[in-house]
Every structure is written in C-alpha cells, then in structure tokens.
Asks: 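Structure in structure tokens, see below.
Heavy-atom basis, side chains included; hydrogens, waters and symmetry copies ignored.
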Amino acid sequence: MRILVTGGAGFIGSALVRYLVSEVGADVLNLDKLTYAGNLESLIPIEGANNYHFVQADICDYGKISATIATFRPDHIMHLAAESHVDRSITGAKDFVETNVMGTFSMLEGARNYWNSLQGEARANFRFLHVSTDEVYGSLGATGLFEETTPYDPSSPYSASKAASDHLAKAWHRTYGLPVVVSNCSNNYGPYHFPEKLIPLNIINAMEGKPLTVYGDGSNIRDWLYVEDHARALHLICSQGRPGETYNVGGRNERKNIDVVRRICAIMDELRPQNAPHDNLITFVTDRPGHDHRYAIDATKLETELGWKAQENFDSGIEKTVRWYLDNEAWWRPLRGEVYTGERLGVLKV
C-alpha cells in the first residue's frame, strides 16, 4: 500500500505517518511545506525506515503536487496539511484561506487528474481522505452532540476555511466522481504537539513556573481525542470508509478548559512536587473573539460501521502526555526558544 500524506510533519500528521510506517507497514510519502508548525524532529523514530519518504512542497503549488503524485503513484492520499490554530487565524486569516481552501483545491485537482489516469483495480481502490475538524459545526449548547448531518456554522476564520475545504472535497466527489471520504475530529492532544495549544502550552508553563493562562472563566468545553487514537481512526476511514461519506472522530472525553488545566496541575504536583501546588499559577485572561462554548462529537457511525474505538480515556492520555513533555525537553525547547515563546496570540488591536 502506497500512501501520500500531506502535512505529515505536523502534530496529527506526524502521528499518522509514524503509525502507517511502523504499525501498518505502508510505503509512505510525507509531503510537507515545513511551516512553523512542521517539525521533522517529530519523525525521528522512523526517519531511517525504507518505507518512509519525504518531499518538501507547498500544497498550493499545483505543478509540484501533480508531479509528486504522478511520480509516487499512491493508492491513497490522506490530506491533513492545513493552517490550524484559531488564534493565529484571527489576526492572519489570509494564510488560512490560501492554504486551507486553495491548497485543498490544488490537492483535489491533482488527485482527480491522477485518478483519471488509473484503470481497473487501481482506480476502484483509490481513495482521497480529507481530514477536517469539528469546529466547522460551530458551537453546541449544554446538551447534544455533533453528528455527520449537523449543519455547518463556523465561527472563526480557521473553521470557515476548513468548512470551505470540506465543501470542495464533497463537491469533487459529487461532480467528478473522485472517491473522497471526509473526517471531522475533536480536539487532539498527545506527544509532539506544537506548544501554542492549550495542553502543551500549559504543561511547559507549569514546568517553568509561568502563568497557566485560561480564556474567560474556563467553562468552554472540548471533547478530547488522544492523537494516536486519531491516527488509527484515519487509517481505518481511508481504507474502509465509503466514498462520499463523512465520519466524525471523537474521544467521548468532554472537559471544561479549566478542568483540563487543573488536571495538568495535579499530575505536575505528583511528578514535580517541589513546585506544587501548580494550580497557584492559573491565570484567567480575556476570552478570545468568537470563542465557541462547547464541542462534542458523536462517533457512533465510525464505531458501529468501521469498528473503531478510542483506546485512551482522558485520564490515561493526559498523564502520558505530561510525562512525554517532561521527558522530551530536547524536542520542545528549541521551539519554545526560537519559534514560539509562549506569548498570547489572537489579540485584536483596537
């Protein structure tokens, strides 16, 4: 099985590539632009594998994309490359529209032209997996879950750009017959997560004795999914999902943001007791614009149709994650010092 993965040096992408190479045994080509969030250090565990290959390319570069697809001749394309941080989209929406919308258009056209060249079993078995987010659905109230049929209602430039790319992917299936499958996932966490996001940021801040920042009153709720569970789900969806269908991926682990940070503090108190209690570092800051209150995924379709189930619950996954950051300062320290120092992002200037 030959699989082309876009964005394979990012957080979710690198977890997927490591899984495909080491567990599935697929022949994998990782195509990544290597923006600030792309890090080849995340792929060191497999960098010497004969079935792992890397090419640096921008998904908006249609010529390079078409040539790469034609040369590698993948059985599947798994499209994860995207600008993904909501806070950065608030103050820099242009990059999100270009990468997430035009980049996806480029990937779909490259895949369509390649698929049209295939015949027989190769054509019948080809799949294009478009990986998206639950944020396209907007915000939930106190009850209910996002289902695959939930109407789109994006709130941020990030989620709006991902919603647009989802619509493109579905349209390329309906108009051109391209065998596209779409997945929408809840918030991921785990090892190799770029330290601008809630969980890695506050783990590192706790280590350094810096404020643990929480937006608003911390009551915003997310459904947390361990990244390695997500990688397993993506392989299953791509290999066994039905073309034209959407599959929601969620961990069934709803937590308030403040409770996530307090759990990090409790684990840090146990593992680094000399700095306890870490919850003294919790600092509430002004909420970000357009902050959705609650996300929660109904993964029933994925669980019943394809037999997937998350292996980690939040308590087991978050402890593994904290321990990983404690043990892998060599991975995150250069990012903290040279790429992102922990400053507040997404603040609108009046």
Asks: Working note: Y295 + D292, criterion side-chain hydrogen bond (donor to acceptor under 3.5 Å, both in side chains); need CA distance, chi angles, decisive distance, verdict.
Replies: CA-CA 8 Å; Y295 303 146; D292 291 329; 2.6 Å; yes
Asks: Give me the ring orientation class for W224 and F314: parallel if the planes are under 30° apart, tilted from 30 to 60°, perpendicular past 60°.
Replies: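 It falls in the tilted class, 30° to 60°.
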Asks: Would you call D279-R262 a salt bridge at under 4.0 Å N-O?
Replies: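 No, this pair does not count.
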Asks: Distance-only, no hydrogens or angles: does the T304 side chain make a donor-acceptor pair with backbone N or O of T300 under 3.5 Å?
Replies: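 Side chain of T304 to backbone of T300, a donor-acceptor pair under 3.5 Å: yes, one is there.
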Asks: Output yes when a side-chain donor or acceptor of S159 lies under 3.5 Å from a complementary backbone atom of V136, and no otherwise.
Replies: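 No, the answer is negative, given that no donor and acceptor are paired below the 3.5 Å cut-off.
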Asks: I'd like to know if R252 and D298 make a salt bridge, using a cut-off of under 4.0 Å between side-chain N and carboxylate O.
Replies: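 Salt bridge flag = yes for D298 with R252.
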Asks: When rounded to the nearest 0.5 angstrom, what is the spacing between CD in E303 and CH2 in W308?
Replies: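 One gets 6.5 Å once the value is rounded to the nearest 0.5 Å.
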Asks: Run the side-chain hydrogen bond (donor to acceptor under 3.5 Å, both in side chains) test on H130 and S183 for me, step by step, so that the C-alpha distance in whole Å, both residues' side-chain angles and the decisive distance to 0.1 Å come before the verdict.
Replies: CA-CA 6 Å; H130 174 67; S183 67; over 6 Å; no
Asks: With a 4.5 Å limit on heavy-atom distance, are the side chains of V182 and L129 in contact?
Replies: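 Heavy-atom side-chain distance check fails, nothing below 4.5 Å.
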Asks: For the residue pair Y226 and P191, establish whether any side-chain heavy-atom pair is separated by less than 4.5 Å.
Replies: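 The answer is yes; the side chains approach within 4.5 Å.
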Asks: With side-chain hydrogen bond (donor to acceptor under 3.5 Å, both in side chains) as the test, would you mind laying out the steps for E83 and Y158 before giving the verdict?
Replies: CA-CA 8 Å; E83 294 285 347; Y158 161 61; over 6 Å; no
Asks: Any carboxylate oxygen within less than 4.0 angstrom of a Lys/Arg side-chain nitrogen, looking at D315 and R263?
Replies: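 So D315 pairs with R263 through a salt bridge.
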Asks: State which residues pass side chain to side chain contact (heavy atoms under 4.5 Å, CB included) with E343; sequence neighbours excluded, sorted by chain then number.
Replies: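 E343 satisfies side chain to side chain contact (heavy atoms under 4.5 Å, CB included) with Y340, T341, L345 once adjacent residues are dropped.
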Asks: Give me the other members of the hydrophobic cluster that Y215 sits in, counting Ile, Leu, Val, Met, Phe, Trp and Tyr linked by side-chain heavy atoms under 4.5 Å, directly or via other members.
Replies: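 Grouped by the 4.5 Å side-chain rule, V285 form the rest of the cluster around Y215.
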Asks: Scan side-chain atoms only and decide if Y189 and N253 contain a donor-acceptor pair under the 3.5 Å cut-off.
Replies: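 Checked: Y189/N253 side chains show no N/O donor-acceptor pair below 3.5 Å.
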Asks: Check this for me: does any side-chain nitrogen of one of E208 and R336 sit under 4.0 Å from a carboxylate oxygen of the other?
Replies: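 Salt bridge between E208 and R336, a charged N being under 4.0 Å from a carboxylate O: yes.
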Asks: Would you call E329 and R333 a salt bridge, taking side-chain N to carboxylate O under 4.0 Å as the test?
Replies: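 Yes, this pair counts.
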Asks: Please state whether the rings of H79 and F128 are parallel, tilted or perpendicular, taking 30° and 60° as the class boundaries.
Replies: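 Tilted: the ring planes of H79 and F128 meet at 30° to 60°.
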Asks: If the threshold is 4.0 Å, N to carboxylate O, is there a salt bridge linking R2 and D27?
Replies: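 Yes, R2 and D27 are salt-bridged.
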Asks: Counting heavy atoms not belonging to D327, are there more than 12 under 6.0 Å from its CG?
Replies: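 Check passes, neighbour count above 12.
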Asks: Could you tell me whether the side chain of D153 and the main chain of Y137 form a donor-acceptor pair under 3.5 Å?
Replies: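 Absent.
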Asks: Counting only heavy atoms not in R123 (residues, nucleotides, ligands), do more than 12 fall under 6.0 Å from its CZ?
Replies: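 Yes, the 6.0 Å shell around CZ holds more than 12 heavy atoms from other groups.
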Asks: When you check the gap from the basic side-chain N to the acidic O, do R88 and E196 get nearer than 4.0 Å?
Replies: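 E196 and R88: salt-bridged.
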Asks: Does the pair S132 and D166 meet the rule for a side-chain hydrogen bond (donor to acceptor under 3.5 Å, both in side chains), with working shown?
Replies: CA-CA 7 Å; S132 190; D166 291 8; 2.8 Å; yes
Asks: Hey, is R222 close enough to E254 for a salt bridge, meaning N to O under 4.0 Å?
Replies: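 Between E254 and R222 there is no salt bridge, as every charged N stays at least 4.0 Å from the carboxylate O atoms.
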Asks: Give a yes or no on whether the backbone of R255 and the side-chain of D259 come within a donor-acceptor separation of less than 3.5 Å.
Replies: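 Absent.
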Asks: So for atom NZ, which belongs to K197, do other residues, nucleotides or ligands contribute more than 12 heavy atoms lying within a distance under 6.0 Å?
Replies: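 Yes, NZ of K197 has more than 12 neighbouring heavy atoms, counting only those of other groups under 6.0 Å.
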Asks: Keeping the roles fixed (side chain from S106, backbone from I59), state whether a donor-acceptor pair exists under 3.5 Å.
Replies: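 Flag set: sc S106 to bb I59 pair under 3.5 Å.
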Asks: Indicate whether the side chain of K170 and that of T246 have a donor and an acceptor atom separated by less than 3.5 Å.
Replies: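 Indeed, the side chains of K170 and T246 share at least one donor-acceptor pair under 3.5 Å.
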Asks: Is the closest side-chain donor-acceptor distance between S139 and H293 under 3.5 Å?
Replies: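 Absent: no donor and acceptor within the cut-off.
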Asks: Taking ring pair (Phe, Tyr, Trp, His ring centres under 6.0 Å) as the criterion, tell me which of F11, W332, W324 meets it with H193.
Replies: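 With H193 as partner, ring pair (Phe, Tyr, Trp, His ring centres under 6.0 Å) holds for just one option, F11.
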